[in-house]
Number of protein chains: 2
Amino acid sequence: MAESAGPAADETLLFLTDDQIRKGIEAMFFAYRGFTADPDRILAVQGYGRAHHRAIHFINRSPGTTVNNLLAILGVTKQSLNRVLRTLIDDGLVRSEVGTRDRRERNLYLTEAGAALERELSTAQRDRMRAAFRQAGPEAVAGFRRVLEAMMDGDMRRHYMRFRESES
Amino acid sequence: MAESAGPAADETLLFLTDDQIRKGIEAMFFAYRGFTADPDRILAVQGYGRAHHRAIHFINRSPGTTVNNLLAILGVTKQSLNRVLRTLIDDGLVRSEVGTRDRRERNLYLTEAGAALERELSTAQRDRMRAAFRQAGPEAVAGFRRVLEAMMDGDMRRHYMRFRESES
DNA sequence: CTTGGAATGTCAACAAGGCTGACATAAATT
DNA sequence: AATTTATGTCAGCCTTGTTGACATTCCAAG
């Protein structure tokens, strides 16, 4: 913070040059495409999209979660999420139960069919991630995670950390 | 490849456990949201979206690029790109010139107004990336890039590498 | 106890930006 | 001359964002 008087004048900060940063930006762009490519292909077959994947992922991650919880994590409007949730419920992939403590809430669970699709999706995505991790090596993976965590918005980092802690 | 008989039996591969992979997947998801958040805010003001940002970014990156080139990099249909390009041309942010060597082609350039918006967008995005890089440190950045490069599809890696080489 | 908000979820309508298919035009290639 | 290539355009569809209106449920203040 104190040493950033000139634009990258210090040669120990070469990884902060505009060119390095630009490469990072493009790496992020191209890699995210690969990251979603396999699930996208699977989802397209049954007429679903990325929004369905996100809902399925986080319901699987926290069974019994409420619509409001999901809204906070996914960062969309409740109307948008509701449409996706409705098709998943109608198609028998998600079960919605009236909350016991507060009957305004709906607790969401994957059905067997939902869990099966979740496994199919996450297997495809994990296979690619695993291959990338194996190719890059453990230290690269640690760096990858450190940079991504620093890039998150505060709110999202909270959700991410909550998930990280919830399993050993 | 040969040693992967059992599920993560080797303790030197702990970074390849399903749990580690899942953390990587969620890190990617949450970080990408942060990555696009600042440009999204700027674009929303002038009524543009992420599609406009992508077009502007890559036209700025390779001035004079053709429509076909852009299609290959962005991975969308020409109809979809055309709609975005048309608004950018009509709004005076992009200039389209008939190709000299091959007059079927259109060479695309940013106008002054286009370059100004590009600077505004990339400054916001670079600031966040720079902060993340600085916080994570040079070795983390190297690992970040290695993992992302391994995660790209072959085609996308080609485009990425082409860009990387095009500047020292 | 009742009543007025606040929280939660649903329904309707609209826009952006993907997609496919069909077709036109001009230029290059064979 | 015929074909292929590059680009643009029209029409129509889908997913997934948005806002607005509204129903239900809970809770707290009177």
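Every heavy atom of this structure was used, including side-chain atoms; hydrogens, water molecules and symmetry mates were not. In what follows, chains are A, B, ... by sequence order, proteins preceding strands, each numbered from 1.
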Taking only distance into account, with no hydrogens and no angle test, what donor-acceptor pairs under 3.5 Å do side-chain atoms of residues 119-127 of chain A form with protein atoms, sequence neighbours excluded?
unit_1: A:Ser122; atom_1: OG; unit_2: A:Glu118; atom_2: O; d: 3.2
unit_1: A:Thr123; atom_1: OG1; unit_2: A:Arg119; atom_2: O; d: 2.7
unit_1: A:Gln125; atom_1: NE2; unit_2: A:Phe35; atom_2: O; d: 3.0

Next on the checklist: For A:Arg33, give me all partners under salt bridge (Lys or Arg N to Asp or Glu O under 4.0 Å), at least two apart in sequence or on another chain.
Outcome noted: none

Checklist entry - In chain order, what residues pass the salt bridge (Lys or Arg N to Asp or Glu O under 4.0 Å) check against A:Glu139, with sequence neighbours excluded? => result none

Checklist entry - Mind checking what makes salt bridge (Lys or Arg N to Asp or Glu O under 4.0 Å) contact with A:Arg103, not counting sequence neighbours? => result none

Could you pull out the protein-nucleic contacts involving nucleotides 11-14 of chain D (nitrogen or oxygen on both sides, under 3.5 Å)?
none

Next on the checklist: For D:dT7 and B:Asn68 - does any side-chain N or O of the residue sit under 4.0 Å from the phosphate oxygens OP1/OP2?
Outcome noted: yes

Checklist outcome for this item: Side-chain contact check for B:Val67: nearest option of D:dG8, C:dG9, C:dT20 is D:dG8

Next on the checklist: Checking B:His53 now: which residues fulfil side-chain hydrogen bond (donor to acceptor under 3.5 Å, both in side chains) with it, not counting sequence neighbours?
Outcome noted: none

Item to check | Interatomic distance, A:Tyr160 atom OH to B:Glu26 atom CD [nearest 0.5 angstrom] | outcome: 8.0 Å

Next on the checklist: Has A:Arg95 got a side-chain atom pairing as donor or acceptor with A:Tyr109's backbone, closer than 3.5 angstrom?
Outcome noted: no

Checklist entry - Among C:dG9, C:dC19, C:dC23, which is the nearest nucleotide to the side chain of B:Lys78? => result C:dC23

Checklist outcome for this item: Note: B:Leu110 and B:Ile56 closest approach over all heavy atoms is CD1-O, 4.1 Å

Checklist entry - For residues 114-123 of chain A, which residues have at least one heavy atom under 4.0 Å from DNA chain C? => result none

Checklist entry - Between B:Arg106 and B:Thr66, does any side-chain donor sit less than 3.5 Å from a side-chain acceptor? => result no

Item to check | B:Lys23 bridged to B:Asp19 by N-O distance under 4.0 Å | outcome: yes

Checklist outcome for this item: Side-chain contact check for B:Arg86: nearest option of C:dT20, C:dG18, D:dT9 is D:dT9

Checklist entry - So, is B:Ser80 near the phosphate of C:dG17, with a side-chain N or O under 4.0 Å from OP1 or OP2? => result no

Item to check | Those residues that, when tested against B:Asp155, pass salt bridge (Lys or Arg N to Asp or Glu O under 4.0 Å) (two or more places apart) | outcome: B:Arg158

Next on the checklist: Within residues 30-45 of chain A, which residues have any heavy atom lying less than 4.0 Å from an atom of DNA chain D?
Outcome noted: none

Checklist entry - Just how far, in rounded Å, is P of D:dG17 from NE2 of A:His53? => result 14 Å

Item to check | Nearest-angstrom distance from the residue atom CG of A:Leu81 to P of D:dT15 | outcome: 16 Å

Item to check | Phosphate OP1/OP2 of D:dT9: any B:Asn82 side-chain N/O under 4.0 Å | outcome: yes

Next on the checklist: Applying a 4.0 Å non-hydrogen cut-off, can you work out what A:Gly75 is touching in the nucleic acid: base, sugar-phosphate, or nothing?
Outcome noted: nothing

Next on the checklist: Does a side-chain N or O of A:Thr77 approach OP1 or OP2 of D:dT18 to a distance below 4.0 Å, or not?
Outcome noted: yes

Under 3.5 Å, which donor-acceptor pairs do the side chains of residues 81-90 of chain A form with other protein atoms, sequence neighbours left out?
unit_1: A:Arg86; atom_1: NH1; unit_2: A:Asp90; atom_2: OD1; d: 3.4
unit_1: A:Thr87; atom_1: OG1; unit_2: A:His52; atom_2: NE2; d: 3.2
unit_1: A:Thr87; atom_1: OG1; unit_2: A:Val84; atom_2: O; d: 2.9

Checklist entry - Between B:His52 and C:dA16, does any side-chain N or O lie under 4.0 Å from OP1 or OP2? => result no

Item to check | For DNA chain D, the residues among residues 95-108 of chain B that have a non-hydrogen atom under 4.0 Å from it | outcome: B:Arg104, B:Glu105, B:Arg106

Checklist outcome for this item: To the nearest angstrom, the CG-C1' distance between B:Leu85 and D:dA6 comes to 14 Å

Checklist entry - What distance do B:His57 atom NE2 and B:Leu74 atom CG have between them, rounded to the nearest 0.5 Å? => result 10.0 Å

Next on the checklist: By nearest atom, which of the nucleotides D:dG17, C:dG9, C:dT10 is closest to the A:Val76 side chain?
Outcome noted: D:dG17

Next on the checklist: So, using side-chain hydrogen bond (donor to acceptor under 3.5 Å, both in side chains) as the criterion, who are the partners of A:Arg128 when residues are at least two apart?
Outcome noted: A:Asp38, B:Asp153

